[in-house]
*Asks:* 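What follows is a structure written as structure tokens; I'll ask about it next.
Note that ligands are numbered from 1 as they come in the structure, with each ligand's atoms numbered from 1 the same way.
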Amino acid sequence: MKNVLIIGSTGQIGSELTMELRRRYKGDIVAGYIPGAEPKGVLQESGPSVIVDITNAKQIAEAVSKYKIDTIYNLAALLSATAEAKPQLAWKIGVDGLFNVLEVAREQHCAVFTPSSIGVFGNNTPKDKTPQDTIRNPRTMYGVTKVSGELLSDYYFIRFGVDTRSVRFPGLISYTTPPGGGTTDYAVDIYYSAVRGQKFVCPIAAGTYMDMMYMPDALHAAIQLMEADPSRLVHRNSFNIASMSFDPEIIFKAIKKEVPSFEMEYKVDPLRQEIADSWPNSLDDTCAREEWDWKPRYDLGSMTQDMLSHLKEKLLK
Ligand code: AKB
């Protein structure tokens with residue numbers, strides 16, 4: 001029996017993670033949302049939901065107490081490009097919000113999962129096969145909030161024994177809920193253009209490599225880490241995880257193999273390009289593999305076939 005609160009349950013990760021947790025666990029899997037982003041359809045019908053604004057500590061505490069929550073998945077965040085446009089709000093949600101969650105977890109004895117990101121790394125970090133323990137000096141507000149979140153989460157574990165765990169997600173690709181305001185969003189948008197029969201206008205330059213991951217692997221990583229034997233964990237906040245690294249040309253070619261008429265042109269967005277240039281080309285995820293048996297299931301080819309077939313169903317029905 002597990003009672004779980006998902007903060008940010010209607011976002012890109014939350015909408016799928018909530019359903020996956022409901023499939024796996026008995027108990028209350030509670031979808032936390034903010035007004036204006038209410039759960040709909042099966043997400044709303046398949047379990048309890050509650051208004052939880054991460055900036056409101058009282059709301060978090062009341063939801064945790066009401067549903068006897070043992071684990072919080074804290075998915076509230078602004079993605080990298082949006083965080084540059086709204087740095088104050090990004091801090092308020094990413095750091096002040098996390099502080100609220102950790103305090104409630106300390107008082108009410110919950111485990112906490114908070115996603116980190118490849119955005120914790122910056123221009124001085126080794127670019128290829130970026131190690132687990134290395135320089136974290138981002139120059140974006142998104143990266144600053146993610147590094148702060150990693151440090152704060154480790155502090156709560158060391159100082160108070162709160163069971164905090166985290167992974168550094170790469171760009172996440174899914175056909176369910178689109179991301180918004182991220183630097184890696186192009187790798188989702190490109191599939192929508194291919195299925196709609198449109199030419200894709202790519203905001204990231206050819207030759208820009210970033211790590212990416214298919215959503216089923218990302219969900220599996222979060223849940224597998226939270227279920228991992230704590231005695232094996234040398235690291236906690238946060239683990240490098242990886243499954244594929246590509247640039248726009250490589251993903252374009254993988255899609256064109258399935259959709260021969262597909263075309264792409266470039267119109268580089270300077271903000272997103274600057275952020276992408278500061279991120280690693282690829283991560284070394286050896287520690288995640290050794291400490292909790294992380295292993296991705298999808299590569300670019302199998303993800304592309306799955307994405308295209310689901311998007312055809314969704315968009316062309
Ligand atoms: C973004 O692009 O901001 C995110 C991320 C890699 O953390 N998808």
*Asks:* Taking only Lys NZ, Arg NE, NH1 and NH2, and the carboxylate oxygens of Asp or Glu, determine whether E150 and R136 approach each other closer than 4.0 Å.
*Replies:*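 Here E150 pairs with R136 in a salt bridge, since their nearest N and O are under 4.0 Å apart.
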*Asks:* For the residue pair S174 and E16, establish whether any side-chain heavy-atom pair is separated by less than 4.5 Å.
*Replies:*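 In contact.
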*Asks:* Quick one: which ligand 1 atoms are inside 4.0 Å of a heavy atom on G182?
*Replies:*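 Matching atoms, with element in brackets: 1 (C), 2 (O), 3 (O).
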*Asks:* With under 30° as parallel and over 60° as perpendicular, where do the rings of F99 and Y156 fit, or are they tilted in between?
*Replies:*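 Rings of F99 and Y156: perpendicular, as their planes differ by over 60°.
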*Asks:* May I ask you to list the atoms of ligand 1 that are less than 4.0 angstrom from any heavy atom of W279?
*Replies:*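 Answer for ligand 1: 1 (C), 2 (O), 3 (O), 6 (C).
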*Asks:* Quick one: which ligand 1 atoms are inside 4.0 Å of a heavy atom on S117?
*Replies:*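 Reading through ligand 1 atom by atom, the close ones are 5 (C), 6 (C), 7 (O).
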*Asks:* What protein heavy atom sits nearest atom 2 (O) of ligand 1, and how far away is it?
*Replies:*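 Checked against all protein heavy atoms, atom 2 (O) of ligand 1 sits closest to T183 N, 2.7 Å.
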*Asks:* With a 4.5 Å limit on heavy-atom distance, are the side chains of F169 and S116 in contact?
*Replies:*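 When only atoms from C-beta onward are counted, S116 and F169 do not touch, as no gap falls below 4.5 Å.
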*Asks:* Below 3.5 angstrom, do we get any N/O pair linking S80 and ligand 1?
*Replies:*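 Checking ligand 1 against S80, an N or O pair does fall under 3.5 Å apart.
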*Asks:* Is L172 touching ligand 1 with its side chain, its backbone, both, or neither, if touching means heavy atoms under 4.0 Å apart?
*Replies:*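 Within the 4.0 Å criterion, L172 makes no contact with ligand 1.
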*Asks:* Write out the residue and atom name of the closest protein heavy atom to atom 8 (N) of ligand 1, then the distance separating them to 0.1 Å.
*Replies:*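 Of the protein heavy atoms, T184 OG1, 2.9 Å lies nearest.
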*Asks:* Between I13 and M215, what is the shortest heavy-atom contact and its length?
*Replies:*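 Minimum heavy-atom contact is CA-CE, 3.9 Å.
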